[in-house]
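Worksheet: the structure to be examined is printed underneath.
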Protein chains: 6
Amino acid sequence: MTSTASGPILVINPNSSETVTEGLRQALSGFFFAGGPAIECVTIEHGPPGVVTQRHVDEAALHTAAVIEARPDAAAYVLACYSQPGLDLARSITRRPVYGIQDAGVLSALALADLFGVIAVAEGSIPRHLRNLRRLGVDQRLAGEVALEGSVSVAESGHGEESYGLLLRAAEKLKTLGAGAIVLGCAGMSGHRRRLEDETGVAIIDPTQAAVAMAFGNLVTGSA
Amino acid sequence: MTSTASGPILVINPNSSETVTEGLRQALSGFFFAGGPAIECVTIEHGPPGVVTQRHVDEAALHTAAVIEARPDAAAYVLACYSQPGLDLARSITRRPVYGIQDAGVLSALALADLFGVIAVAEGSIPRHLRNLRRLGVDQRLAGEVALEGSVSVAESGHGEESYGLLLRAAEKLKTLGAGAIVLGCAGMSGHRRRLEDETGVAIIDPTQAAVAMAFGNLVTGSA
Amino acid sequence: MTSTASGPILVINPNSSETVTEGLRQALSGFFFAGGPAIECVTIEHGPPGVVTQRHVDEAALHTAAVIEARPDAAAYVLACYSQPGLDLARSITRRPVYGIQDAGVLSALALADLFGVIAVAEGSIPRHLRNLRRLGVDQRLAGEVALEGSVSVAESGHGEESYGLLLRAAEKLKTLGAGAIVLGCAGMSGHRRRLEDETGVAIIDPTQAAVAMAFGNLVTGSA
Amino acid sequence: MTSTASGPILVINPNSSETVTEGLRQALSGFFFAGGPAIECVTIEHGPPGVVTQRHVDEAALHTAAVIEARPDAAAYVLACYSQPGLDLARSITRRPVYGIQDAGVLSALALADLFGVIAVAEGSIPRHLRNLRRLGVDQRLAGEVALEGSVSVAESGHGEESYGLLLRAAEKLKTLGAGAIVLGCAGMSGHRRRLEDETGVAIIDPTQAAVAMAFGNLVTGSA
Amino acid sequence: MTSTASGPILVINPNSSETVTEGLRQALSGFFFAGGPAIECVTIEHGPPGVVTQRHVDEAALHTAAVIEARPDAAAYVLACYSQPGLDLARSITRRPVYGIQDAGVLSALALADLFGVIAVAEGSIPRHLRNLRRLGVDQRLAGEVALEGSVSVAESGHGEESYGLLLRAAEKLKTLGAGAIVLGCAGMSGHRRRLEDETGVAIIDPTQAAVAMAFGNLVTGSA
Amino acid sequence: MTSTASGPILVINPNSSETVTEGLRQALSGFFFAGGPAIECVTIEHGPPGVVTQRHVDEAALHTAAVIEARPDAAAYVLACYSQPGLDLARSITRRPVYGIQDAGVLSALALADLFGVIAVAEGSIPRHLRNLRRLGVDQRLAGEVALEGSVSVAESGHGEESYGLLLRAAEKLKTLGAGAIVLGCAGMSGHRRRLEDETGVAIIDPTQAAVAMAFGNLVTGSA
């Protein structure tokens with residue numbers, strides 16, 4: 001954890017979709033300050049179009065590690081996929097801070113509310129997320145995790161009325177279950193965050209923003 | 001959680017020590033960006049010189065609430081005392097996000113490591129901290145919490161070789177206990193953070209920086 | 001925990017309602033024995049009419065502490081409000097035993113049954129209660145907590161057919177959820193205890209009686 | 001849980017030692033009030049001299065049940081052995097409240113302190129106690145359980161300087177481990193309670209007194 | 001845990017039903033190999049026809065112990081009743097491995113799936129099972145336990161279309177609750193295992209087979 | 001989980017050491033019965049010589065998946081490496097049962113004892129194991145995990161006096177910590193199992209034997 005690095009916060013999109021990476025850039029644009037840490041979002045070209053299956057996750061782990069090794073200049077790394085492919089591997093090959101967005105998103109939700117909810121893109125990834133919540137040790141504070149009741153791609157999940165409607169329905173359900181903060185369970189949903197927060201009155205956490213905020217806070221130095 | 005606020009992140013030092021508040025400003029100076037959220041650190045004039053006893057905590061709760069009510073313009077509030085006086089009360093009187101630095105610090109540590117440690121200023125506050133870790137639901141991931149083996153005031157704890165030596169000894173002990181990240185259990189220790197991180201090789205979390213980073217991430221908005 | 005005290009068990013009603021205090025006296029009348037520990041119920045005159053909001057709780061903490069300091073003659077203290085205002089503070093200023101009625105009620109329920117339920121006066125206080133159950137470390141044994149489905153004041157909650165009907169409905173629901181013992185989540189519900197127990201066949205715990213029983217047991221001394 | 005019973009609180013000593021039963025009577029003498037619930041202590045004549053082995057526990061379960069069936073007049077039952085032989089069986093054959101002294105003692109300790117300790121008569125019974133703490137769901141709040149460092153019978157454990165010295169050493173050790181309240185892990189240690197409390201400054205819980213206090217509180221009725 | 005025993009795995013049916021014991025033999029017939037460990041299933045003649053009540057459990061504990069003492073030649077013992085009568089007692093009187101089928105079944109389910117479900121013969125035994133899951137420490141991974149919606153004896157539960165239909169309905173419900181593996185909560189249901197597995201697509205665990213498999217694995221020795 | 005498969009239990013050694021695979025065959029020879037399930041041990045030729053680093057684990061995940069896809073005839077799969085590379089991936093690509101040896105070993109230990117211990121080959125893998133115990137949800141029952149106090153390869157860990165001495169020392173330490181069963185935390189230690197069990201008097205679990213036993217039990221079918 002040497003702190004002299006002056007390189008960027010490297011935000012790694014482990015899928016091959018430039019659209020998703022561009023969405024990350026937009027989601028993170030609020031962190032771009034003159035004199036602040038640089039934030040760089042990269043795409044893994046030979047990754048899958050979206051990390052959906054467990055195989056995608058396990059393959060992405062190695063791709064992510066390759067990116068990290070190719071970019072030793074970075075001051076911190078953010079794995080911008082809710083399945084956090086290769087988090088343990090990344091930590092084994094660099095001493096810089098590595099953030100996974102599920103961990104960062106969930107932990108940020110717990111800093112605001114007693115119970116949190118999660119909106120998943122698809123039903124199939126919920127068991128994988130629950131395993132990680134057990135690993136993280138905070139599964140007892142989950143109000144619930146619900147999947148969108150319709151088929152939406154990662155890239156589409158943050159844009160358009162249709163996907164917004166699905167997110168709203170999921171958020172309302174989680175509110176009923178007692179969620180005081182809701183984590184968007186996919187790096188692509190970010191575009192709907194503010195509107196969802198305004199309409200539901202519940203704190204909505206974009207996990208990539210949460211992870212970058214943590215990295216940001218880790219890197220800034222006091223003047224003392 | 002309305003998101004239209006353009007006011008500052010209000011960092012509330014619940015004790016009356018301007019020295020401590022000035023220390024907070026220095027610790028947070030890295031977050032001051034042109035165009036970024038304003039960060040304002042305030043002292044509670046009629047607070048105790050340091051929040052040490054449970055009475056201090058309970059009295060500070062009401063003082064903190066008064067500050068929050070006097071400053072409805074703030075976009076977010078940070079309770080910059082590791083005992084988080086009035087956290088629940090604050091959340092009951094404002095819909096803006098309220099962060100307690102213990103919660104934020106500990107949760108940020110968990111985003112980096114399997115087990116965390118805490119350095120307390122004094123033995124007497126450890127049971128209070130442990131009660132909060134149970135409330136937070138993450139006590140099972142505590143490697144240990146140790147107090148400085150010497151008498152140091154909150155204001156002194158972040159300056160000088162003597163206090164640094166005490167922090168280093170505590171950090172080394174926590175490392176032995178398995179801590180992969182260490183939270184500074186007092187708002188005043190910030191000045192030693194980088195040096196301690198460099199010399200121990202373990203991530204050191206300043207809890208006020210962690211809380212402000214979370215508030216910062218909560219407020220920044222994407223461009224989408 | 002010096003044991004030579006011969007003063008009363010001081011039962012502190014942290015609200016200003018003499019009606020509620022009188023209800024406590026009635027609920028505890030079964031503990032009044034010639035030669036037994038005296039039990040004295042006091043009202044905090046400048047307290048709120050009922051402890052409903054978090055502010056009420058935090059203000060009551062200081063009022064309660066003032067009462068404790070004014071009555072060093074007491075042999076034990078009972079905080080007769082389900083939100084236990086000032087429990088930690090009280091313990092920091094006296095070495096006599098201090099009981100909070102939520103803790104005492106819930107722990108007494110666990111001495112009788114596998115899972116317990118709680119009847120709250122109002123929905124709004126449930127999250128606060130849940131936070132305390134996490135602090136207490138027994139949240140996993142909660143079958144459920146339900147609020148009365150109607151608006152009833154603390155003082156009214158233990159009298160009359162209307163409030164009884166609401167309690168009965170809540171108790172039946174908790175029974176369905178698996179509760180083997182039910183805690184009355186308010187100091188004022190006591191009047192309905194026996195009838196509710198007889199009609200539901202489930203153990204009903206009045207938390208003030210439970211706390212006083214614990215204090216009583218703590219004070220009595222064997223003859224050996 | 002019918003509440004019309006006017007019979008005694010039946011305290012069942014599951015071993016055959018009249019000395020131990022007489023010790024229970026002395027420990028509980030403080031609960032004997034004119035007009036209060038009667039408290040009757042009975043010995044199981046054909047029980048073992050002390051409940052030491054698991055076989056003793058399992059045999060005592062059936063003996064205890066026989067006593068309960070022979071005494072349907074009792075208003076409540078207390079199983080006055082720290083291994084609580086037949087607790088589940090007892091509850092399956094009577095609708096009156098049944099208290100086991102381990103559960104009651106430990107839960108009463110948690111009403112007073114963050115962490116509790118237990119003093120066991122012998123090393124061999126500790127795993128059995130730990131299994132019950134897991135069943136009870138409060139094992140995470142155990143500071144430690146230590147056995148007396150010397151061989152003492154159940155009947156001797158509450159009398160004489162030698163056994164007192166062993167208890168004191170155990171209590172001091174538990175204090176070091178963070179115990180804020182200490183449960184005497186045997187029905188026979190009661191005679192040393194007050195002295196141990198005075199000398200250690202830590203709350204000492206006699207589990208039989210704790211259980212009878214709970215039963216007492218369960219039976220007393222308000223005047224409303 | 002001496003390993004030189006060459007005796008059989010003794011499977012103890014703690015009820016007096018030879019039909020049930022014969023069912024166990026059939027369920028375990030797949031483990032009978034020339035040269036493999038012998039597996040012997042015994043009936044407790046003076047046991048109850050079925051272990052249903054808590055008294056049955058507690059009486060069976062002593063009967064089981066008597067069998068174990070009468071058969072010191074056995075290399076391992078399996079308590080073939082889901083209530084595991086006398087498990088702790090058995091372990092206190094022999095150094096050979098002793099398996100209870102609930103523990104073995106549930107732990108085997110956790111080796112296959114994130115969450116497990118249990119099918120109970122009757123509603124009344126569910127609280128007893130839950131107490132054991134807390135003792136075992138895996139209650140948090142229970143998706144649910146449901147009872148057959150009809151009255152079926154232990155002996156009948158593994159044969160015939162009617163009981164199969166009840167098992168199927170229970171299994172489908174548990175699947176909905178998220179169970180990835182389902183434990184048959186009774187030693188008698190074994191006959192339906194394969195069909196239920198094929199029709200639901202969920203792993204079905206016969207707990208006696210699971211326990212014998214563990215004992216089998218414990219006894220086989222490598223050739224090194 | 002279709003149960004008609006008649007293929008072998010495929011035991012996959014994810015490293016390239018034929019010596020280790022041969023050791024697995026020896027360890028499992030006790031399961032080879034005429035008429036029993038076939039057990040086949042395979043080496044991943046292009047795997048690392050030993051799975052030591054996190055990269056080894058993540059690469060082995062994909063190799064293991066390739067083996068599983070190449071062998072759809074197998075009736076069950078055992079991942080014979082304590083780090084269980086690719087367990088989730090394996091389960092996503094086959095409906096046959098897949099066992100990881102850490103999970104199977106630990107769960108088998110819990111079927112025999114209150115608390116378990118683990119002997120790791122090297123200190124560095126302990127945090128990885130602890131993460132998995134949290135995922136598995138049984139970390140609270142770990143008495144301790146200790147590494148061999150000397151450098152031994154996976155292949156050597158089960159042979160010779162030197163490695164035996166290291167295992168014995170580790171086992172004695174775990175016994176002191178309360179472990180009632182000890183899991184060999186490496187597929188290669190099997191050769192020392194019986195001797196270690198005889199000399200310590202504590203149940204020693206070879207995790208590969210435990211996993212194969214579970215698979216064996218899963219595959220055998222009753223005659224009903």
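Quick caveat, the model's predicted, so the values are computed rather than measured. A, B, ... follow the sequence lines: proteins, then strands. Residue 1 opens every chain. Note: hydrogens, waters and symmetry copies are ignored here, and every other heavy atom, side chains too, is used.
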*Please name all residues satisfying salt bridge (Lys or Arg N to Asp or Glu O under 4.0 Å) with Arg169(E), sequence neighbours left out, ordered by chain then number.*
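For Arg169(E), the residues satisfying salt bridge (Lys or Arg N to Asp or Glu O under 4.0 Å) (neighbours in sequence not counted) are Glu149(E).
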
*Just jot down the salt bridge (Lys or Arg N to Asp or Glu O under 4.0 Å) partners of Arg128(E), sequence neighbours excluded, or say none.*
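None.
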
*Examine whether an atom of Ala210(E) lies under 4.5 Å from a heavy atom of chain F, and if so say whether it belongs to the side chain, the backbone or both; otherwise answer neither.*
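Neither; nothing under 4.5 Å.
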
*asked:* Is the shortest side-chain heavy-atom distance between Pro207(F) and Leu184(F) below 4.5 Å?
replied: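 Touching, per the 4.5 Å side-chain cut-off.
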
*In residues 135-145 of chain E, which residues are in contact with chain F at a heavy-atom separation under 4.5 Å?*
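Arg135(E), Leu136(E), Gly137(E), Val138(E), Arg141(E) fall under the 4.5 Å cut-off.
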
*asked:* My understanding is that only residues two or more places apart in sequence, or in another chain, count here; which of them pass side chain to side chain donor-acceptor pair (under 3.5 Å) with Glu156(E)?
replied: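 Glu156(E): no side chain to side chain donor-acceptor pair (under 3.5 Å) contacts found.
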
*Cationic tip of Arg96(E) within the cone over Tyr77(E)'s six-membered ring, i.e. under 6.0 Å and within 45° of the normal?*
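Negative - Arg96(E) is either too far from the ring of Tyr77(E) or too far off its axis.
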
*How about Lys173(F): does its NZ atom have over 12 heavy atoms from other parts shown lying under 6.0 Å from it?*
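It does not: Lys173(F) NZ has 12 such atoms or fewer within range.
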
_Salt bridge flag under 4.0 Å for residues Glu18(F) and Arg25(F)_ =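 Counted as a salt bridge, because a side-chain N and a carboxylate O are separated by less than 4.0 Å.
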
*Quick one: which of Gly35(E), Ala215(E), Gly100(E), Gly217(E) has the most heavy-atom pairs under 4.5 Å with chain F, could you say?*
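Answer, by heavy-atom pair count under 4.5 Å with chain F: Gly217(E).
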
